[in-house]
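In what follows, a structure is listed as structure tokens, so that the remarks can point back to it.
By convention in this document, chain letters (A, B, ...) are assigned in the order of the sequence lines, proteins followed by strands, and residues within each chain are numbered from 1.
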2 protein chains.
Amino acid sequence: MNAEKGPLPRAAAEEYASWFKALADATRIQIVSLLARRRAPMSVGEIVAASGVGQSTVSHHLKILAEVRFVLVERQGTSSLYRINENCVRSFPTAADVVMGEPVPAAPTCG
Amino acid sequence: MNAEKGPLPRAAAEEYASWFKALADATRIQIVSLLARRRAPMSVGEIVAASGVGQSTVSHHLKILAEVRFVLVERQGTSSLYRINENCVRSFPTAADVVMGEPVPAAPTCG
DNA sequence: ATCGTCCATCGACGATAGTCGATGAAATGC
DNA sequence: GCATTTCATCGACTATCGTCGATGGACGAT
């Protein structure tokens with residue numbers, strides 16, 4: 001932990017924020033927890049049926065979660081199978097990391 | 001960790017999301033890290049000077065951070081002194097908590 | 001009492017984000 | 001080839017958010 005007196009540089013703060021933004025929505029949290037409980041990959045249709053929002057909305061959130069590597073996608077035939085990326089879950093920064101200015105765990109490269 | 005098959009209930013997901021929303025902005029992360037590095041309380045004016053955004057903006061973010069008890073405020077004379085709430089930082093949920101459905105650590109009651 | 005300082009709140013603005021319905025594209029089956 | 005399924009993308013709408021400037025209230029000093 002570095003403890004200079006200045007604020008965290010803006011660029012680092014934005015990188016941290018991009019992490020937390022990925023989990024700053026209730027629908028995304030539901031999707032992520034759903035994928036984590038079923039440890040097996042799930043198709044978009046299954047996620048739609050379980051989450052209660054529209055198909056395009058689920059697809060949109062899955063894209064956001066995939067951009068930060070929180071979920072991994074694999075095409076199989078006509079369907080896309082999503083699964084949780086446990087490496088990325090583990091490297092997610094804690095609040096203590098942020099306030100103490102720990103180095104950012106390289107957002108899009110966690111697994 | 002509970003591992004039923006259904007998604008996390010919407011209410012729990014929203015409570016989690018409210019936590020992460022508090023850190024989902026670069027300016028708030030800068031403010032929080034600033035307060036954590038100086039361990040002493042800081043006035044709003046000091047935070048404004050160090051963060052590079054307007055006074056009303058800082059005041060707005062401090063209000064959000066105080067609502068989730070991430071910072072604590074104490075009036076002293078004409079100025080308000082803000083300091084980090086280390087209990088709240090420690091009880092902030094990890095990503096693993098969320099995806100595994102750990103019980104929410106009682107957002108507004110962490111310290 | 002008056003002035004000046006410090007801060008919270010208000011109103012407004014632009015930007016971003018979440019949701020939906022509709023459209024389109026890729027793969028499968030007939 | 002054609003229809004069907006499955007999903008991603010597009011366009012539009014609304015709501016929320018971050019920021020600012022201005023206003024006003026509380027407190028201290030003169």
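- A distance of 8.0 Å separates CD in Glu46(B) from CG in Leu81(B), rounded to the nearest 0.5 Å.
- In this structure, the NZ atom of Lys21(A) is 10 Å from the C1' atom of dA17(C), given to the nearest Å.
- Separation of atoms OG (Ser18(A)) and CD1 (Ile64(A)) is listed at 12.0 Å; rounding is to 0.5 Å.
- At whole-Å resolution of the value, CD in Glu67(B) and C1' in dC17(D) are 14 Å apart.
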Report all side-chain donor-acceptor pairs from residues 20-27 of chain A shorter than 3.5 Å, counting only partners two or more places apart or in another chain.
unit_1   : atom_1 : unit_2   : atom_2 : d
Asp25(A) : OD2    : Thr27(A) : N      : 3.0
Asp25(A) : OD2    : Arg28(A) : N      : 3.2
Thr27(A) : OG1    : Arg10(B) : NH1    : 3.0
Thr27(A) : OG1    : Arg10(B) : NH2    : 3.3

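- Looking at which nucleotide of DNA chain C each of Gly52(A) and Ser80(B) is closest to, the 5′-most match is held by Ser80(B).
- At least one side-chain heavy atom of Ile84(A) sits less than 4.5 Å from a side-chain heavy atom of Glu86(A).
- Here the CZ-CH2 distance, from Phe70(A) to Trp19(A), works out to 7.0 Å after rounding to the nearest 0.5 Å.
- Rounded to a whole Å, the CG atom of Leu65(B) is 15 Å from the C1' atom of dA8(C).
- Ile29(A) has its CD1 atom 12 Å from the P atom of dG18(C), to the nearest Å.
- Atom CG of Leu65(B) and atom CD1 of Ile31(B) lie 6.5 Å apart (nearest 0.5 Å).
- Under the 4.5 Å side-chain heavy-atom criterion for Ile, Leu, Val, Met, Phe, Trp and Tyr, Val32(A) and Val53(A) are members of the same hydrophobic cluster.
- For the pair Ile47(B) CD1 and dC6(C) P, the interatomic distance rounds to 14 Å; values are reported in whole Å.
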Give each protein N/O atom lying under 3.5 Å from an N/O atom of nucleotides 28-30 of chain D, with the pair distance.
none

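- For Arg28(A), a side-chain nitrogen or oxygen approaches OP1 or OP2 of dG18(C) to under 4.0 Å.
- Remark: Gly54(B), Ser56(B), Thr57(B), His60(B), His61(B) in residues 54-63 of chain B come within less than 4.0 Å of DNA chain D through at least one heavy atom.
- We find the OG-CG distance between Ser51(A) and Leu8(B) to be 12.5 Å, quoted to the nearest 0.5 Å.
- Between the CD atom of Gln55(A) and the CD1 atom of Ile47(A) there is a distance of 11.0 Å, given to the nearest 0.5 Å.
- Atom OH in Tyr82(A) sits roughly 15 Å away from atom P in dT6(D) (whole-Å rounding).
- Atom CZ in Arg10(A) sits about 11 Å away from atom C1' in dT19(D), given to the nearest Å.
- If Gly45(B) and Asp25(A) are placed on DNA chain C by their nearest nucleotide, the residue sitting closer to the 5' end is Gly45(B).
- Taking atom CD on Gln76(B) and atom C1' on dA26(D), their separation rounds to 15 Å, with Å as the unit.
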